[in-house]
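First the structure, in the form of structure tokens, and then the observations on it.
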Amino acid sequence: MSRDYTEQELRRREERAELEAAGIDAYPHSWSVTHRSASLIASFTDEEHQPGEENGPAPLRVSVAGRMMSRRIMGKASFFHLQDAEGLIQVYVRRDDLPEGFYNTVFKRLLDIGDIVGIEGFVFRTRMGEVSVHAERLVLLAKALRPLPVVKEQDGQVYNEVTDKEFRYRQRYVDLVVNPKVRETFRKRARMITGIRSFLDEKGYLEVETPALQPVYGGAAARPFTTHHNALDMPLFLRIADELYLKRLIVGGLDGVYEIAKDFRNEGLSRFHNPEFTMMELYVAYRDYDWMMDLVEELVEHVATLLNGMPVVQFGDHEISFKRPWKRIPMFEAIQERTGHDLYGLSREELARIGKELGLEIDSSMGSGKIIDEIFGEFVEPNLIQPTFITDYPVELSPLAKRHRTTPGLVERFEAIIGGKEICNAFSELNDPDDQRSRFEAQDRLHAAGDDEAMAIDEDYLRALEYGMPPTAGLGVGIDRLAMLMTDSHSIRDVILFPLLRPEATEDPEATEDTAETEGPGAPGQ
RNA sequence: GAUCCCGUAGCUCAGCUGGCAGAGCAUCUGACUUUUAAUCAGAGGGUCCCAGGUUCGAACCCUGGCGGGAUCACCA
């Protein structure tokens with residue numbers, strides 16, 4: 001398989017050949033690093049480290065490694081910037097400090113922006129005040145055969161910034177190299193997840209793993225991905241939620257369990273939806289949804305503070321404060337506040353009439369719960385920017401939630417809405433096996449009527465409930481959406497390293513159809 | 001799935017009413033031993049997303065397709 005190389009790629013391949021002809025390995029095996037850029041720069045002080053003065057401090061010798069990101073060649077001396085995991089550090093190279101011929105031939109002619117190099121030398125501050133490494137040894141660690149987009153920056157102004165979304169998502173490795181903000185976003189995401197995990201561990205909850213391949217899928221309303229197990233010759237579904245397995249563990253006596261895992265939903269893509277996404281689910285025995293609201297506030301305030309030093313983030317034009325306590329409003333009250341209509345207890349016909357009056361399209365397949373949800377989603381949710389708990393949902397929307405202790409027709413459920421989007425969903429868990437069975441049966445009728453997102457009856461789950469599940473509070477948090485809020489990202493693709501895209505056209509037009517069909521794994525195309 | 005916008009050099013982008021394909025960075029050659037978007041002099045580099053159509057002539061207009069983005073629908 002070959003393709004036409006560009007002029008610059010050909011040039012780099014020639015350079016590699018020349019390097020190898022000169023006995024220089026273009027891909028050596030290792031390099032020992034003693035320092036990283038940002039922390040090295042931060043630790044440098046003129047009094048302790050700046051060499052040159054008589055009786056001055058001894059030079060600080062270091063070994064660093066990274067990618068050459070820019071080059072300023074001035075005759076017999078040069079500067080370049082080296083980028084490592086922490087950031088950039090400038091390197092100073094002089095012809096006369098390197099072996100005979102190395103500077104002119106290897107450094108100036110055979111190395112390029114994008115190459116990965118190792119530097120041994122001493123640290124100093126230049127006349128212009130930049131802490132830099134004066135190279136005494138320079139070793140190629142990996143030759144870059146493709147040219148990297150060259151992005152320049154001066155006083156915060158970025159030139160030739162790589163902005164093409166498709167390029168950035170398809171070649172995230174390049175995006176990470178050239179866009180520092182992207183590296184910061186994913187560091188923050190990682191710190192957020194670590195923060196959630198240690199918060200939950202500290203409370204004594206047990207992190208568990210439940211099946212991603214499930215014979216019966218459930219726990220949410222969504223279409224699944226289906227697959228097949230050959231040896232058992234059975235269909236399997238990729239999980240759409242962890243819920244029913246985690247609650248089996250509550251039955252089993254593990255009083256508090258959580259899982260941070262990928263869920264898979266075979267549905268459309270959007271700014272807020274990726275077919276695989278990360279969910280954190282938590283179940284705690286002997287608790288209810290009121291208690292869980294307190295926990296969510298505490299958790300999110302804690303994580304936001306961990307990431308930003310304070311429980312406040314800038315999100316687009318809004319400053320969002322996660323400081324406890326958050327507003328709590330029953331769903332019907334919130335709808336009445338925004339639309340003037342009290343929907344509680346109304347018949348389906350009355351709800352449909354109000355929906356239409358409000359300008360929504362209501363069709364005959366929509367049940368009462370669905371209409372209420374539409375009205376909520378249209379008039380309430382987008383206006384909830386500051387963290388708000390919406391509580392007490394209609395029972396028909398929530399087949400796994402426990403009935404409200406005082407208000408008929410509702411369940412004890414809440415969602416936290418932040419920035420106009422649902423961030424988590426929680427309830428007092430339904431633990432009456434007979435009620436659960438009848439809810440499943442209602443779902444099953446919907447399914448039979450053509451709703452392919454309705455839940456299936458999970459007999460094993462019902463069996464577990466029949467053994468007795470303690471009162472339990474359950475929570476699901478959309479980790480990607482929380483990461484969006486914490487990093488001021490406005491598309492889920494900006495917080496998922498490799499979001500799903502359509503397969504791109506193969507680079508080699510000859511490698512299409514005829515070969516793709518006959519080749520085994522790894523063949524491009526579908 | 002619908003609507004709108006976008007697709008030009010390795011990257012960022014210009015390209016007027018249809019008339020020779022452009023700039024900066026990157027690359028190459030030369031100068032330069034503390035520069036920092038280094039600078040200076042020169043050179044090379046194009047399937048204008050793809051396929052048709054209109055026209056004397058298409059990057060530009062028309063039709064269809066591919067890919068991306070945004071909004072909507074869907075997604076409790």
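All of these numbers come straight from a predicted model, not from anything done at the bench. To find a chain, count down the sequence lines: A is the first, B the second, and so on, and within it residues start at 1.
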Checklist entry - What nucleotide, of B/U34, B/A76, B/C25, holds the atom closest to the side chain of A/L397? => result B/A76

Item to check | Nearest-Å distance for atom pair CD1/C1', residues A/I73 and B/C28 | outcome: 12 Å

Checklist entry - Between B/U33, B/C25, B/U36, which nucleotide has the shortest distance from any of its atoms to the side chain of A/Q90? => result B/U36

Checklist entry - What's the CZ-P distance between A/F79 and B/A37, to the nearest Å? => result 13 Å

Item to check | Between B/G19 and B/C61 - P atom distance, rounded Å | outcome: 11 Å

Checklist entry - A/R413 near the nucleic acid: base, sugar-phosphate alone, or nothing, with a heavy-atom cut-off under 4.0 Å? => result sugar-phosphate

Next on the checklist: What I want to check is whether an N or O donor and acceptor connect the side chain of A/D164 with the base of B/G68 at under 3.5 Å.
Outcome noted: no

Next on the checklist: Under 4.0 Å, heavy atoms only, any strand: does A/R11 hit a base, just the sugar-phosphate, or nothing?
Outcome noted: sugar-phosphate

Item to check | B/C49 and B/G67, which share atom name C1', separated by this distance in whole Å | outcome: 8 Å

Checklist entry - Is there a side-chain polar atom (N or O) of A/R95 under 4.0 Å from OP1 or OP2 of B/U33? => result no

Item to check | Distance, P atom - from B/G24 to B/C40, rounded to whole angstrom | outcome: 11 Å

Next on the checklist: When the C1' atoms of B/G1 and B/C74 are compared, how many Å lie between them, rounded to an integer?
Outcome noted: 9 Å

Next on the checklist: So, under a plain 3.5 Å distance rule, would you say the side chain of A/Q154 forms a donor-acceptor pair with the base of B/U36?
Outcome noted: no

Checklist entry - Given that A/L269 and A/H81 both sit by RNA chain B, which one's nearest nucleotide is further toward the 5' end? => result A/H81

Checklist entry - Which value, in whole Å, describes the distance between the P atoms of nucleotides B/G57 and B/G53? => result 12 Å

Next on the checklist: Using a strict threshold of under 4.0 Å (side-chain N to carboxylate O), is an ion pair present between A/R445 and A/E441?
Outcome noted: no

Checklist entry - Quick one: is A/R72 getting a side-chain N or O under 4.0 Å of the B/A38 phosphate, OP1 or OP2? => result yes

Next on the checklist: For a quick check, tell me whether the side chain of A/E153 and the base of B/A37 share a donor-acceptor pair closer than 3.5 Å.
Outcome noted: no

Checklist entry - Is the shortest heavy-atom distance from the side chain of A/R481 to the side chain of A/F272 under 4.5 Å? => result yes

Next on the checklist: Using heavy-atom distances to pick each residue's nearest nucleotide on RNA chain B, tell me which of A/N160 and A/E7 is more 5'.
Outcome noted: A/N160

Item to check | Atom P, compared across B/C20 and B/G10: separation rounded to whole Å | outcome: 23 Å

Checklist entry - Whole-Å distance between B/C28 C1' and A/L110 CG? => result 13 Å

Checklist entry - According to a strict under-4.0 Å criterion, is A/R12 in side-chain N/O contact with OP1 or OP2 of B/U27? => result no

Next on the checklist: Could you tell me how far apart A/R502 (CZ) and B/G7 (P) are, to the nearest whole angstrom?
Outcome noted: 19 Å

Checklist entry - Side-chain donor or acceptor of A/E161 under 3.5 Å from a matching atom on the base of B/U12? => result no

Next on the checklist: What contact category does A/Q157 fall into here, base, sugar-phosphate, or nothing, at under 4.0 angstrom with non-hydrogen atoms?
Outcome noted: nothing

Checklist entry - Are A/K370 and A/D373 within salt-bridge range, i.e. N to O under 4.0 Å? => result no

Checklist entry - From the list B/A76, B/U27, B/U33, which nucleotide is the closest neighbour of the side chain of A/M455? => result B/A76

Next on the checklist: Using a 4.0 Å heavy-atom cut-off, does A/E267 contact any base of the nucleic acid, only the sugar-phosphate backbone, or nothing at all?
Outcome noted: sugar-phosphate

Item to check | B/G67 base / A/E166 side chain donor-acceptor hit below 3.5 Å | outcome: no

Checklist entry - Going by modelled atom types, is there a donor-acceptor pair between the base of B/U34 and the side chain of A/R127 at under 3.5 Å? => result no

Next on the checklist: Between B/A21 and B/A9, how far apart are the two P atoms, rounded to whole Å?
Outcome noted: 15 Å

Next on the checklist: Can you confirm whether the side chains of A/K152 and A/N160 place a donor and an acceptor under 3.5 Å from each other?
Outcome noted: no

Next on the checklist: Rounding to an integer number of Å, can you tell me how far A/D115 CG sits from B/U27 P?
Outcome noted: 11 Å

Checklist entry - Do the ring centers of A/F80 and A/F107 come within less than 6.0 Å of each other? => result yes

Checklist entry - Do A/R413 and A/N425 have side-chain N/O donor and acceptor atoms under 3.5 Å apart? => result yes

Item to check | A/Q8 CD to B/G10 P, straight-line distance once rounded to whole Å | outcome: 8 Å

Checklist entry - A/F80 near the nucleic acid: base, sugar-phosphate alone, or nothing, with a heavy-atom cut-off under 4.0 Å? => result nothing

Checklist entry - Does the side chain of A/D164 come under 3.5 Å of the side chain of A/Y169 through a donor N or O and an acceptor N or O? => result no

Next on the checklist: Students often get this wrong, so: under 4.0 angstrom with heavy atoms, is A/E15 touching a base, only sugar-phosphate, or nothing?
Outcome noted: sugar-phosphate

Checklist entry - Whole-Å distance between B/A73 C1' and A/E453 CD? => result 13 Å

Next on the checklist: Side-chain N or O of A/R271 versus OP1/OP2 of B/U71: is the shortest distance under 4.0 Å?
Outcome noted: yes

Checklist entry - With sugar-phosphate meaning primed atoms plus P, OP1 and OP2, does A/M331 contact a base, only sugar-phosphate, or nothing at under 4.0 Å between heavy atoms? => result nothing

Checklist entry - Reckon A/R168 has a side-chain N or O less than 4.0 Å from the OP1 or OP2 of B/G68? => result no

Item to check | Pairwise C1' distance, B/U36 and B/C28 [rounded to whole Å] | outcome: 23 Å

Next on the checklist: When you compare the side chains of A/Y103 and A/S78, does any donor N or O come within less than 3.5 Å of an acceptor on the partner?
Outcome noted: yes

Checklist entry - Heavy atoms under 4.0 Å, any strand shown: does A/P275 hit a base, just sugar-phosphate, or nothing? => result nothing

Checklist outcome for this item: From CZ of A/F167 across to C1' of B/C11 the rounded distance in Å is 7 Å

Checklist entry - Quick one: is A/K152 getting a side-chain N or O under 4.0 Å of the B/A37 phosphate, OP1 or OP2? => result no

Checklist outcome for this item: side chain to side chain contact (heavy atoms under 4.5 Å, CB included) test vs A/R16 passes for just one of A/E20, A/E14, A/E18, namely A/E20

Checklist entry - Can you find a side chain N or O atom of A/T163 that sits less than 4.0 Å from OP1 or OP2 on B/C13? => result yes

